[in-house]
There are 2 protein chains.
Amino acid sequence: MNISTRFPVAVHTLILLNISQPGTATSDFIASSVNTNPVVIRRITSMLGRANLVEAKAGIAGAKLKKPLSDITLLDVYKAVNVVGEGQLFAVHDNSSIKCEVGRHMHSTMTTILARAQQAMEQVLAQTTVADVAGDIAQLEGVVFPDYFMQPSL
Amino acid sequence: MNISTRFPVAVHTLILLNISQPGTATSDFIASSVNTNPVVIRRITSMLGRANLVEAKAGIAGAKLKKPLSDITLLDVYKAVNVVGEGQLFAVHDNSSIKCEVGRHMHSTMTTILARAQQAMEQVLAQTTVADVAGDIAQLEGVVFPDYFMQPSL
DNA sequence: ATGATGTGAAACTATTTTAGTTACATTTCA
DNA sequence: TGAAATGTAACTAAAATAGTTTCACATCAT
């Protein structure tokens with residue numbers, strides 16, 4: 001089990017959109033950086049659009065960010081691409097025998113406890129912005145991204 | 001996406017093993033409380049056995065706990081039933097283009113950040129024991145489990 | 001010792017999710 | 001008008017999960 005790569009790919013996409021010259025970050029371009037199919041990227045920008053993080057129009061190259069990266073947390077992205085449902089990180093079996101003194105309380109008890117664990121995880125995501133991620137990468141790369149623009153092709 | 005029900009079912013199983021009279025908590029019995037197939041339960045007790053939480057022998061009814069429930073954390077169970085690999089809660093795409101200044105750092109950067117989120121979640125699991133879960137259930141049921149034994153059949 | 005009972009494990013199925021792919025209608029713009 | 005994009009549907013392949021059947025083997029009471 002693991003959480004879909006849609007999430008990190010969405011982060012990757014947002015960063016490229018941010019540092020690319022207008023009209024150059026096509027789904028083809030992003031896909032070639034991520035090393036996947038352009039449709040995979042479009043599916044993701046479509047989800048980011050529904051979450052109001054980007055604005056994309058048919059026929060127009062390169063989606064536009066609707067907020068600065070510093071206003072987008074990893075939790076925002078995680079929720080936008082729908083990798084884990086609300087309180088659904090853990091599946092809990094939900095048809096235990098009502099006749100069993102233990103079984104009849106397992107679902108509610110475990111659900112409550114595991115929701116706390118999920119919250120702790122999501123809280124960490126809420127504390128990091130996509131700008132922080134971009135900053136980490138810029139530092140590794142030895143550049144400062146706001147002054148830096150991608151080449152229109154790799 | 002969500003984490004397998006093996007985990008809560010394993011907790012359910014441990015509690016039943018603890019409060020059942022010796023030799024009565026067969027995989028059949030537990031399965032009828034969980035409402036699943038006995039083989040599913042045996043697969044789980046087998047994993048719990050490999051993690052040294054229970055001892056089960058072929059032919060002998062009802063696995064035996066190797067530790068009191070108060071010495072078994074939810075994290076122990078979660079690891080025993082192998083629902084999430086070490087640092088593998090989040091999948092991160094791992095073949096970004098090396099030619100891309102962003103792509104070439106995405107994997108390491110995201111992996112580091114997401115590992116922190118996973119740790120936060122697992123830390124919550126480490127803070128709760130199976131005895132705590134049993135206690136919650138006993139309270140809902142209005143009994144005290146150490147003095148309470150399951151009926152050999154539901 | 002024998003038969004009933006139970007566990008361990010392999011093998012198979014159905015379902016779900018993800019990622020990748022093809023294809024095509026539609027929009028934008030030079 | 002035509003090249004270049006996007007949006008979306010539909011299909012495939014792969015992986016994980018849960019359930020099921022089957023059977024060898026261990027245990028134990030009689």
Side-chain angles (χ1 to χ4, degrees), chain A residues 1-10 12-13 16-17 20 22-32 34-50 54-64 81-85 88-96 152-153, chain B residues 1-10 12-13 16-17 20 22-32 34-50 54-64 81-85 88-96 152-153:
Chain A
M1 183 314 295
N2 49 30
I3 294 173
S4 166
T5 56
R6 271 204 305 279
F7 175 31
V9 170
H12 191 152
T13 297
L16 288 183
L17 288 175
S20 295
T24 63
T26 63
S27 59
D28 249 17
F29 168 76
I30 297 169
S32 75
V34 171
N35 232 309
T36 185
N37 192 290
V39 175
V40 172
I41 302 299
R42 281 182 232 148
R43 274 202 284 250
I44 286 171
T45 53
S46 164
M47 292 176 125
L48 294 174
R50 261 171 267 150
V54 306
E55 176 154 20
K57 273 183 194 157
I60 223 173
K64 242 177 60 185
V81 297
N82 200 31
V83 283
V84 173
Q88 304 287 310
L89 176 58
F90 295 91
V92 178
H93 58 298
D94 195 14
N95 48 349
S96 294
S153 112
Chain B
M1 183 316 291
N2 49 28
I3 294 173
S4 166
T5 55
R6 272 205 304 282
F7 174 31
V9 170
H12 191 153
T13 297
L16 288 183
L17 288 175
S20 294
T24 63
T26 63
S27 59
D28 249 17
F29 169 76
I30 296 169
S32 75
V34 171
N35 232 309
T36 185
N37 192 290
V39 174
V40 172
I41 302 299
R42 282 183 230 148
R43 277 203 282 249
I44 287 172
T45 54
S46 164
M47 293 177 124
L48 294 174
R50 262 172 264 151
V54 306
E55 177 155 19
K57 275 184 192 156
I60 222 174
K64 244 178 57 186
V81 296
N82 201 31
V83 282
V84 174
Q88 303 287 312
L89 176 59
F90 295 92
V92 179
H93 57 299
D94 195 14
N95 46 352
S96 295
S153 113

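Where A:G62 and A:N95 each meet DNA chain D at their nearest nucleotide, the meeting point lying more 5' is that of A:G62. Residue order along DNA chain C, read from the 5' end via each residue's closest nucleotide, puts B:A61 first among B:R50 and B:A61. Taking the nucleotide of DNA chain C with the nearest heavy atom to each of A:I60 and A:R42, the more 5' of the two is matched to A:R42.
Taking atom CD1 of A:I30 as the reference point, atom C1' of D:dG7 lies 15 Å away to the nearest angstrom. For the pair A:K57 NZ and D:dA4 C1', the interatomic distance rounds to 17 Å; values are reported in whole Å. Rounded to whole angstrom, the span from the CE atom of B:M1 across to the P atom of D:dA14 amounts to 23 Å. If you measure from atom CD of A:E55 to atom P of D:dG7, you get 11 Å, rounded to the nearest angstrom. Remark: C1' of D:dG7 and CG of A:N37 are 14 Å apart, rounded to the nearest angstrom. Atoms CD1 (A:I41) and P (D:dG7) sit 12 Å apart, rounded to a whole Å. One interatomic measurement links the two molecules: CD1 of B:I44 to C1' of D:dA18, which rounds to 10 Å at whole-angstrom precision.
Distances shorter than 4.0 Å separate none of the side-chain N or O atoms of A:T45 from OP1 or OP2 on D:dT6. At D:dT6, none of the side-chain N or O atoms of A:S46 fall inside 4.0 Å of OP1 or OP2 (strictly under the cut-off). For D:dT6, one of the phosphate oxygens OP1 or OP2 lies less than 4.0 angstrom from a side-chain nitrogen or oxygen of A:S27.
Closest heavy-atom contact between A:L16 and A:A25: O-CB, 4.3 Å. Contact between A:N35 and B:S96 at its shortest, heavy atoms only, is ND2-C, 4.2 Å. A pairwise comparison of heavy atoms in A:L17 and A:A63 identifies CD2-O, 3.5 Å as the closest pair.
The side-chain heavy atoms of B:L48 and B:V81, taken from C-beta on, include a pair separated by under 4.5 Å. The shortest side-chain heavy-atom distance between B:I3 and A:M1 falls under the 4.5 Å cut-off.
Side chain of A:R6 to main chain of A:N82: a donor-acceptor pair is present (N/O by atom type, distance under 3.5 Å, no hydrogens or angles). The main-chain N or O of B:R42 is found under 3.5 Å from a side-chain atom of B:T45 such that the two form a donor-acceptor pair.
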Atom pairs under 3.5 Å: protein N/O with N/O of nucleotides 9-11 of chain D:
| residue | atom | partner | partner atom | Å |
| --- | --- | --- | --- | --- |
| D:dA10 | N6 | A:R43 | NH1 | 3.4 |

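Protein chain B contacts DNA chain C over a range whose 5' and 3' limits, counting nucleotides with an atom under 4.0 angstrom from a non-hydrogen atom, are C:dG6 to C:dT18.
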task = Test A:V9 against A:T36 for side chain to side chain contact (heavy atoms under 4.5 Å, CB included), laying out the working first.
result = CA-CA 10 Å; A:V9 170; A:T36 185; 5.5 Å; no
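With sequence neighbours excluded, the residues that form a ring pair (Phe, Tyr, Trp, His ring centres under 6.0 Å) with A:F90 are B:F7.
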